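Working notes for the structure below.
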Amino acid sequence: MIQEMKKKFYLEIKHICKQSGARYGILHTPHGDVEVPMFMPVGTLATVKTLSVEEIKAIGSGVILSNTYHLSIRPGADIVQKAGGLHKFMNYDGPMLTDSGGFQVFSLAANRKIKEEGVHFRSHLNGDKLFFSPEGAIEIQEKLGADIIMSFDECVHYPATYEYMLDSVNRTLRWAERGKVAHKTEQALFGIVQGGEFAELRKYCANKLVEIDFDGYAIGGTSIGEPKDVCLKMIDYAVPYLPVDKPRYLMGVGSIDYILEGIERGMDMFDCVLPTRIARHGALMTSKGRLNIRKAEYKEDFTPLDDECDCYTCKNYTRAYLRHLYVSGESLGQRLLSIHNLRFLIKMVEGAREAIKNDCFLDYKKSVIEKFGDAKGF
RNA sequence: GGAGGAGUAGCGAAGUGGCCAAACGCAGCUGACUGUAAAUCAGUUCCUUCGGGUUCGGUGGUUCAAAUCCGCCCUCCUCCA
């Protein structure tokens, strides 16, 4: 029976790129099958900021994220549950993933205390005392009802000492075990590999998580300000110990080059706020590099953002109009720019999948990066 | 023709003897943003060989010192005729 239920969620590897070793596959979920590698837009508060569900779907996204910490504070997990779960609450019928709140241990570090039993937070909204335990994070995520839920971990600040990281990894492992024991539903549960830049800790953490046995494995503690080579090492140190037949998720990675590096290293899933956040700040990813729509040079530029892009924005609007909307503070501007950046990244990953199928991923990676130029940031 | 008011950096607008190369806002420009406390944040916008040099409608004064005080001129606004 349990086998039967688990079958709703599994990864089917279809092809391994002969040139690179990158994987192409189908991730089967209760809300549909999606291809990997994939980029997953982040919708922290049960909304990918500024976008309607129709727009999210039109972009071609596979899975979208939401967040345990934030939703549990507002509107509250019970309300989402009463609504019939996240999918119904936000009217999205595609696969979803909720992060456990482990990232908030990092991003809201000023307002929290880490203990063995869990993490005590002060609400960033009103100062309320909050407590997140590994069991509690699972329980909340079960109420939210995403297809994939995450172990509660500590996303450790970079750089950290070996001693701190060792303690933290052991705690994260105990939390992973506790979360696994508490987990009651058929939602897929992923473990998160921590260990910072230390090879033996990444290996240790990965091996222990695999012993506990999860439905998928994430690499965490990445994209938090470490140099690029360190991030790549973090992946390299963990991947060899992850099972081939389970999905691998590189957390928080969303720049073009990092995604491609991750795919090359055998990662399947990526998420990041970068495309949506920078879009709201007027920065666009285009096939020719980074573009800042604020610039006066676009005032009378009646061409699309990116003439190689097939997104709704590029098909229908000009730079001059988008600049006008952005500069005027019109919300449509943020929306159209978010649509573009997400579509750009998702299309970039679509191209990666095709390249993997054709055993030429390394060529693809090289051509994308060369075309994008070495515009800083991505 | 008479009475009153106003002219400050690209624009708006503070400042009304020294701490003023001149607040602040806008506009412009440049960065940043990576499991979202983010429609946010940081820097920058007279010239410069970085020592300094030239600014506050124009001009001439007063003063150790003027965007700030005084004379004249120019321009604009309001009201009266």
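Every chain is numbered from 1, with letters handed out A, B, ... down the list of sequences. Predicted, not measured: the structure shown is a model, and the values here were computed from it. Side chains are part of it too, since the values below use all heavy atoms of this structure and drop only hydrogens, waters and symmetry mates.
The residue A:T50 sits apart from the nucleic acid: no heavy atom pair falls under 4.0 Å. Residue-level contact check: A:N67 touches the backbone only, with heavy atoms under 4.0 Å from sugar-phosphate atoms and none from bases. Among the protein residues, A:I224 comes within range of no part of the nucleic acid, since none of its heavy atoms lies under 4.0 Å from any strand. A:G262 comes within 4.0 angstrom of nothing in the nucleic acid, heavy atoms only. Counting any heavy atom pair closer than 4.0 Å across all strands shown, A:K49 reaches a base atom. Base contact: A:L108 has a heavy atom under 4.0 Å from a base atom. Note on A:E330: nothing from the nucleic acid sits closer than 4.0 angstrom, heavy atoms only. Within 4.0 Å of A:R112, counting heavy atoms only, lies no atom of the nucleic acid at all.
Look at CG on A:L45: it is 8 Å from P on B:rA38, rounded to the nearest Å. Atom CZ of A:F39 and atom P of B:rU36 are 11 Å apart (whole Å). Rounded to an integer number of Å, the gap from A:F106 CZ to B:rU36 P is 11 Å. Rounded to an integer number of Å, the gap from A:I235 CD1 to B:rU34 P is 17 Å. Atom CE of A:M40 is separated from atom C1' of B:rU34 by 13 Å (rounded to the nearest Å). Going from atom CZ of A:F121 over to atom P of B:rA37 covers 10 Å, rounded to whole Å. Taking atom CG on A:L274 and atom P on B:rU40, their separation rounds to 17 Å, with Å as the unit. To the nearest angstrom, C1' of B:rG35 lies 8 Å from CD of A:Q104.
When each of B:rC41, B:rC33, B:rA37 is scored by its nearest atom to the side-chain atoms of A:F103, the top-ranked nucleotide is B:rA37. Of all nucleotides listed (B:rA32, B:rC29, B:rU36), B:rU36 comes nearest to the side chain of A:R280. Which of B:rU36, B:rC33, B:rG28 sits closest to the side chain of A:R290 comes down to B:rC33. Nearest nucleotide to the side chain of A:Y249, out of B:rG35, B:rU34, B:rU36: B:rG35. Side-chain proximity of A:H281 to the nucleotides B:rG35, B:rA32, B:rU30 is greatest for B:rA32. Comparing B:rA39, B:rG35, B:rC41 by their closest approach to the side chain of A:S100 singles out B:rG35. With B:rG35, B:rA39, B:rA37 as the candidates, the nucleotide lying closest to the side chain of A:N111 is B:rA37. Closest approach to the A:R323 side chain among B:rU36, B:rG28, B:rA38 is made by B:rG28 (side chain taken as heavy atoms from C-beta onward). Closest to the side chain of A:D271, from the set B:rC33, B:rU36, B:rG35, is B:rG35. Out of B:rA39, B:rA38, B:rG28, the shortest distance to the side chain of A:R277 is found at B:rA38.
Taking the C1' atom of each, B:rC56 and B:rA22 are spaced 8 Å apart, rounded to whole Å. Across B:rA81 and B:rC19, the matching C1' atoms stand 50 Å from one another, rounded to whole Å. If you take atom P in B:rC20 and the same atom in B:rC24, they sit 12 Å apart, rounded to whole Å. Atom name C1', nucleotides B:rG7 and B:rC73: the rounded distance is 14 Å, in whole Å. Atom name P, nucleotides B:rG15 and B:rA6: the rounded distance is 12 Å, in whole Å. When the C1' atom is compared between B:rG51 and B:rU40, the two are found 40 Å apart, to the nearest whole Å. Here, B:rC47 and B:rG1 have their C1' atoms 46 Å apart, quoted to the whole Å. To the nearest whole angstrom, the two C1' atoms, one in B:rU48 and one in B:rU55, are 15 Å apart.
Contact between the side-chain N/O atoms of A:K228 and the OP1/OP2 oxygens of B:rU34 is not found at any separation under 4.0 Å. Phosphate proximity of B:rU36 to A:T44: present, with a side-chain N or O under 4.0 Å from OP1 or OP2.
Side-chain polar atoms of A:E142 and A:H183 form a donor-acceptor pair below 3.5 angstrom. A donor-acceptor contact under 3.5 angstrom links the side chains of A:E200 and A:Y162, judged on distance only. There is a side-chain donor-acceptor pair under 3.5 Å between A:Y69 and A:H124. Between the side chains of A:D93 and A:H87, no donor-acceptor pair of N or O atoms lies under 3.5 Å. Between A:N170 and A:Y204, the side chains place a donor N or O and an acceptor N or O closer than 3.5 Å (distance only, hydrogens not considered). No hydrogens or angles considered: nothing links the side chains of A:T50 and A:Q334 as a donor-acceptor pair under 3.5 Å. A donor and an acceptor atom, one from each side chain of A:S255 and A:D257, are located under 3.5 Å apart.
Taking a pair to require two hydrogen-bonding distances under 3.5 Å in either a Watson-Crick or a G-U wobble arrangement, B:rU34 remains unpaired. Pair assignment for B:rU49 gives none, since no Watson-Crick or G-U wobble pairing has each distance under 3.5 Å. Base pairing of B:rA13 is not made with any nucleotide, judged by Watson-Crick or G-U wobble geometry with both donor-acceptor distances under 3.5 Å. Under the Watson-Crick or G-U wobble criterion, with both distances below 3.5 Å, B:rU55 is left unpaired in every strand shown. Partner assigned to B:rG18 is B:rC64, using Watson-Crick or G-U wobble distances below 3.5 angstrom. Figure legend. B:rG4 is base-paired to B:rC77; pairs are counted as Watson-Crick or G-U wobble with both atom distances under 3.5 Å.
Stacking is not found between A:H70 and the pyrimidine-like six-membered ring of the B:rU36 base under the 5.5 Å centre-distance and 30° plane-angle cut-offs.
Aromatic ring orientation, A:F214 versus A:Y217: perpendicular (interplanar angle above 60°, classes split at 30° and 60°). The aromatic rings of A:F344 and A:F372 sit tilted relative to each other, their planes meeting at an angle between 30° and 60°.
Counting atom types as modelled, A:T222 pairs no side-chain N or O with a base atom of B:rU34 as donor and acceptor under 3.5 Å.
Where A:V327 and A:G221 each meet RNA chain B at their nearest nucleotide, the meeting point lying more 5' is that of A:V327. Nearer to the 5' terminus of RNA chain B, by closest-nucleotide assignment, is the contact made by A:Q194 (compared with the other of A:Q194 and A:Y326).
Nucleotide B:rG10 carries an anti base; the chi torsion (O4'-C1'-N9-C4 or O4'-C1'-N1-C2) is more than 90° from 0.
With respect to A:E297 and A:R323, no salt bridge is recorded, no charged nitrogen being found less than 4.0 Å from a carboxylate O.
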